[in-house]
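So that the names make sense, note that chain A is the first sequence line, chain B the second, and so on, each numbered from 1. The figures that follow rest on heavy atoms only: side chains count, while hydrogens, waters and symmetry mates do not. This one's a predicted model, so the numbers in the text were calculated from it and none came from an experiment.
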Amino acid sequence: MTETGTDPEVTSLSDRLAAEALIVDVDGYEGPLDVLLALSRTQKVDLRQISILALAQQYLAFVEKARELRIELAADYLVMAAWLAFLKSRLLLPPDPSEEGPSGEELAAHLAFQLERLEAMREASARLMARDQKGRDFFVRGISEDVTAVRRTTWTATLLDLMQAYARVRTKDEFRPYALDREKLMTMEQALDRLRHLIGFAGEWTDILSYLPEGWGGDPQMRRSATASTFAASLELVKEGRASIRQSGTFAPIHIRRRDG
Amino acid sequence: MAEDQDRTEEPVNESLFEAPPMGEQERMVEAILFASAEPVSIREMAGRMPHGSEPAEAVANLRRRYEGRGVNVVRVGEAWAIRTAPDLGFLMKKEVVETRKLSRAAIETLAIVAYHQPVTRAEIEEIRGVSVSRGTIDQLLELEWIRLGRRKMTPGRPVTFIVTPAFLDHFGLETARDLPGLKDLRAAGLLDNRPPPGEGEPEEDDRQEEMFGAAPPEPDEAPEE
Amino acid sequence: MAEDQDRTEEPVNESLFEAPPMGEQERMVEAILFASAEPVSIREMAGRMPHGSEPAEAVANLRRRYEGRGVNVVRVGEAWAIRTAPDLGFLMKKEVVETRKLSRAAIETLAIVAYHQPVTRAEIEEIRGVSVSRGTIDQLLELEWIRLGRRKMTPGRPVTFIVTPAFLDHFGLETARDLPGLKDLRAAGLLDNRPPPGEGEPEEDDRQEEMFGAAPPEPDEAPEE
């Protein structure tokens, strides 16, 4: 035991080894409860029959010894010491009926319970770690196959979407950008409408090209569209039995005329 | 165990060590093949198993045991592995359903079919002012929201499209007639107050009644997919 | 929406496609479990198997089939997995990187969480008699052996910790009820949260009953002294 305390570790260690049955290695303990549990084992009895009084005395001796050895004890060790000193006095003195609070026996019982519970958890953790463990005792599938996700898309729309879409379509006329394209196309319905009216006047064979509406003969695209539609419409009228159609040769002009009856 | 690896196949060992029973060896091979990340050769198995084991025989037994099961013992080059039975590969796929909004083209086309049915493709294009792609129509057919109606009695007898009961179900409509009219749309602020020239209410005539009444079976049903 | 569509089709499917025979379902479950390193829930199996399948029954059959084999069908919480038989561990190359050696504090904390779950940090400290370092909790969280449970309905609403399916998987436990010695500990009152004398009563115990499922109600008595 040096006066200077420049190297307390070495000194305390040798002192401890020499002088003490109880090895006070505070670093090795996890708090006062741990120390108490270690001390309680020296009583060599079931934890349920432990003498808390004896344990309190042992602990106080331990703290005293640590102090002698100039070991820096954390505050909670000292708090426990103070509490145990109090508990000891309670256990030794006859109960004072005027005293408030739990009796010494109750406090002692609770401490015994805490020790027993800690011991139980220690045993439980040991048993847990002794179990077969994955990757050590049993193994998972070595060649695992990933489940590939197959994406399936479902489509959805609400009634509002539908109404908005329709409203959009119906109001498009005012600003629709594709109107020009459509103007160059004649639909079959348009041609048919026109022909139905005109065929009644075709008593003679007439080139179908003469039925092209005004203004549709110039622009090649419009002309093509009008010719095709008019021809298709002519065929339709023939099918309906309202007209006859003829062509004298390949690429020759196509004529139609009204068919009566 | 590792240091014995090279000697295991020598017959001498058989007399020195009692090999485990074949059933036990089969268990061992099973565990080894299951847990290994790579196919395992007979030699490697022998290296891990107790002396005198016959992994080749154990593998052969195990292979028979797994015949017709959900996984099979298969040979991969010089080694062995446990693999999913080929016919069960589909189980390794998980379907992820993703819900997406219909494209603008699709919803507009659908709206036109709903309001104008039966309607031809040419008419849809006429109303939308743009051509309708095959894909858009196909998508709506696939969703079973539209189907083919009767052919139209006009030149070329074009097919028409009509909406389906699934469509009505999805949009919570009892009949297509329950679709809000242009007046309603206008009242809801969805339409400009000025009706475009020459555009009236969408026709809700008896054609529609036909479609949703006791409609006779259509000769040209949409292909069910 | 999409669900609507599914719903409308369901009755059709049931009559159109019959579930595969149980033997076939067993094969499927076998393939699914073999393919996965992680436990697979019944729900997930059902999602991958044909409509009308009974994966729970198939798993039960499969489990019996693998009894005593080199690999076993084991339950992990609400899920199932195939694992090598523990007695054959010696055959395996220990390729698995050993998890960092757990400190005594970490092991004890883990045990306390497992046996006392859901448990607050203060309760863990109360039991160990020493403060629990942040690192200890972090390590267990990182291993995914514990996770946060519900907040406790006590002042301050402290968070609680519970063990995870990964914990069960690692230690080969079917459920947290199968923790070794759990019943004895509970019978001895050692899992009670007893307040120090003179302090308020804790509300307790039915919580734990929940966590451990349908455990028979334990008489809430003190250990005989």
Practice task
Give, as side chain, backbone, both or neither, the part of B/Thr84 having an atom under 4.5 angstrom from any heavy atom of chain A.
Solution key: both
Handout entry: Residue part contacting chain A, namely of B/Leu33, when any heavy atom lies under 4.5 Å
Key = backbone
Exercise for the section: Ignoring hydrogens and angles, state whether a donor on the side chain of B/Ser133 or B/Thr136 is under 3.5 Å from an acceptor on the partner side chain. Expected result: yes
Problem - Ring centres under 6.0 angstrom apart (B/His116, B/Phe161) - result: no
Handout entry: Note, A/Arg246 side chain near A/Pro253 side chain (heavy atom, < 4.5 Å)
Key = no
Problem - Atom CZ of A/Arg223 with >12 non-hydrogen neighbours under 6.0 angstrom - result: no
Exercise for the section: Name the member of B/Ala111, B/Pro155, B/Gly156 that forms the most heavy-atom pairs with chain A at distances under 4.5 Å. Expected result: B/Pro155
Handout entry: A/Glu240 CD: over 12 foreign heavy atoms closer than 6.0 Å
Key = yes
Problem - Heavy-atom proximity to chain B below 4.5 Å, by part of A/Leu192 - result: side chain
Exercise for the section: Quick one: closest heavy-atom pair of B/Arg128 and B/Ala105, and the distance? Expected result: NH2-CA, 3.7 Å
Problem - Options B/Leu91, B/Ile107, B/Thr154, ranked by heavy-atom pairs under 4.5 Å with chain A, top entry - result: B/Ile107
Exercise for the section: Check whether B/Arg83 gets within reach of chain A through its side chain, its backbone, both or neither, counting any heavy atom under 4.5 Å. Expected result: both
Handout entry: Part of B/Phe167 within contact of chain A (heavy atom distance under 4.5 Å)
Key = side chain
Practice task
Against chain A, work out which of B/Gln139, B/Arg100, B/Glu38 has the most heavy-atom pairs shorter than 4.5 Å and name it.
Solution key: B/Arg100
